Amino acid sequence: MPELPEVETTCRGIAPHITGQKVNALIVRQPKLRWPVPDDLSEKVCNKTIIKVSRRAKYLLIHFDHGAAIFHLGMSGSLRIVDHNTPLKKHDHIDLQLNNKKVLRYHDPRRFGALLWQNKEQLHPLLDHLGPEPLSDTFGGNYLFQQSRKRKTAVKTFIMDGSIVVGVGNIYANEALFSAGIKPDREAGSISRKRYYLLAKTIKSVLSQAIKQGGSTLRDFVGGDGKPGYFQQTLNVYGRGSEPCKQCGKSLKEIRLGQRSTVFCNGCQR
DNA sequence: AAAGACACCTGGGAGC
DNA sequence: TGCTCCCAGGTGTCTT
């Protein structure tokens, strides 16, 4: 479910409700996520005050004086703010109960997500060796061009590699490549600097557009049924295999790259 | 070193 | 209605 824009939207949505709050309890009903929830996490966060919420790649960090709880939403995870008496649904695995009678509730049917802990001033191994944030100034066409030299992997696989750039998931990789007019299976190392400038630009714009739209549905993260913002995003190719290209009308092609569904227009992308 | 396959897990939809 | 099969927004780890 969550690509970078949804994690960012979640981060912004929950921050005002939990920042400055003291944690009353951590309830872990199902510790078997992608990695087990640490046994001692409850002791680490109980009676401690949340000082900040931030995002790095698709990780959501809840900061305390002495360290941070790290959430990852995996494929199907979501975090929402609910009232303390809100009935549990299936797959509501974790509650972080706050002083203000609100609960930060983690829901994740497939359990590919995670809840971990990192000590102060010491980067968790998972957050080490990550590439730049796509929306930062250190990420751009020149960087992509340089990183891609002599690489034979498909350009789509390349931009989805978290050590190159974080946060470009399957939906937005497809969309950014369409907008840049680049065929997803082109060898990364064979693409010109000029075209990487355009690709970096479309990656940034497709992600910021989605975040902007997610911002309009922030209330969904504090009640309601929690429909993620990017469901509203206009998708040009993702999920539209064999439908007509919105640009030229030709039938969109669907292939698999790195076991991921890949959709593109043979006419508009080369 | 880089590329590709596989793993984790549940639910929904298609096809029979 | 119910069974079987395939697919799904991620990403660490193992094998070539």
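Chain letters run A, B, ... following the sequence lines, proteins first, then strands; residues in each count from 1. Being a predicted model, the structure only gives us computed values, none of them experimental.
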Exercise. Within this structure, what is the CD-to-C1' distance between A:Glu6 and C:dG10, rounded to whole angstrom?
Worked result: 13 Å
For this session: Using whole Å, report how far CD1 of A:Ile164 lies from C1' of B:dA3.
Result: 13 Å
Problem set entry | N or O in side chain of A:Lys90 less than 4.0 angstrom from B:dT10 OP1/OP2 | no
For this session: Could you check whether A:Arg256 gets within reach of a base, just the sugar-phosphate, or nothing at all, counting any heavy atom under 4.0 Å?
Result: sugar-phosphate
Exercise. A:Phe264 and A:Leu177: side chain to side chain contact (heavy atoms under 4.5 Å, CB included), yes or no, with the steps?
Worked result: CA-CA 8 Å; A:Phe264 63 98; A:Leu177 285 162; over 6 Å; no
Problem set entry | Partner set under side-chain contact (heavy atoms from CB on, under 4.5 Å) for A:Arg256, not counting sequence neighbours | A:Ser261
Exercise. Could you state the NE2-P distance from A:His72 to C:dG12, rounded to the nearest angstrom?
Worked result: 7 Å
For this session: Measure the distance from NE2 on A:His93 to P on B:dT10 and round it to the nearest whole Å.
Result: 9 Å
For this session: May I ask you to say what A:Leu33 touches in the nucleic acid, namely base, sugar-phosphate or nothing, with a heavy-atom cut-off under 4.0 Å?
Result: nothing
Only pairs under 3.5 Å count here: list side-chain donor-acceptor contacts from residues 197-204 of chain A, not counting sequence neighbours, and write none if there are none.
residue	atom	partner	partner atom	Å
A:Thr202	OG1	A:Ala176	O	2.9
A:Thr202	OG1	A:Leu199	O	3.0
A:Lys204	NZ	A:Pro134	O	3.1
A:Lys204	NZ	A:Ser136	O	2.8
A:Lys204	NZ	A:Phe139	O	2.9

For this session: Please tell me which of A:Arg34 and A:His91 maps to the more 5' nucleotide of DNA chain B, matching each residue to the nucleotide holding its nearest heavy atom.
Result: A:Arg34
Exercise. Below 3.5 Å, does any donor atom in the side chain of A:Arg111 face an acceptor in the base of B:dT10, or the other way round?
Worked result: no
Seminar exercise, completed: Interatomic distance, CG@A:Asn174 vs CD@A:Gln269, rounded to 0.5 Å, equals 8.5 Å
Problem set entry | Verify stack between A:Phe112 ring and B:dC8 base, 5.5 Å, 30 degrees | yes
Exercise. Is the base of B:dC9 touched by the side chain of A:Arg110 through a donor-acceptor pair closer than 3.5 angstrom?
Worked result: yes
Exercise. Counting any heavy atom closer than 4.0 Å, what does A:Lys32 reach on the DNA or RNA strands: base, sugar-phosphate only, or nothing?
Worked result: nothing
Exercise. Given C:dG10, is OP1 or OP2 found less than 4.0 Å from the side-chain N or O atoms of A:Arg260?
Worked result: yes
Seminar exercise, completed: Expected list for residues 150-163 of chain A near DNA chain B, using heavy atoms below 4.0 Å, is A:Arg151, A:Lys152, A:Thr153
Exercise. Do A:Asn24 side-chain atoms and A:Gln97 backbone N/O form a donor-acceptor pair below 3.5 Å?
Worked result: no
For this session: Consider the side chain of A:Tyr59, meaning its heavy atoms from C-beta on, and name the nucleotide among C:dA8, B:dG11, C:dG12 that approaches it most closely.
Result: C:dG12
Exercise. Between A:Trp117 and A:His66, what is the ring plane arrangement, given parallel below 30°, perpendicular above 60°, and tilted in between?
Worked result: tilted
Exercise. Tell me: CD of A:Gln259 to P of C:dC6, nearest whole Å?
Worked result: 15 Å
For this session: Find the distance A:Asp108:CG to B:dC8:C1' and express it as a whole number of Å.
Result: 11 Å
Problem set entry | Other cluster members, A:Leu252 - Ile/Leu/Val/Met/Phe/Trp/Tyr, side-chain contacts below 4.5 Å | A:Phe178, A:Val237, A:Val263
Problem set entry | salt_bridge(A:Asp65, A:Lys120) N-O dist < 4.0 Å | no
Exercise. Could A:Glu6 and A:Lys58 be called an ion pair, given the rule that one side-chain N must be under 4.0 Å from one carboxylate O?
Worked result: no
Exercise. Once you round it to whole Å, what is the distance between P of C:dT11 and CG of A:Leu130?
Worked result: 9 Å
Problem set entry | OP1 or OP2 of C:dG12 under 4.0 Å from side-chain N/O of A:His129 | no
Problem set entry | Euclidean distance for P, B:dC9 against C:dC3 (whole angstrom) | 23 Å
For this session: Find the runs of at least 3 consecutive base pairs, i with j, i+1 with j-1 and so on, that include DNA chain B, using Watson-Crick or G-U wobble geometry with both distances under 3.5 Å.
Result: B:2-8 with C:10-16, B:10-16 with C:2-8
Seminar exercise, completed: By side-chain hydrogen bond (donor to acceptor under 3.5 Å, both in side chains), A:Glu243 pairs with (sequence neighbours left out) A:Arg240
Problem set entry | Atom-pair distance (CZ on A:Arg240; P on C:dC7), nearest Å | 21 Å
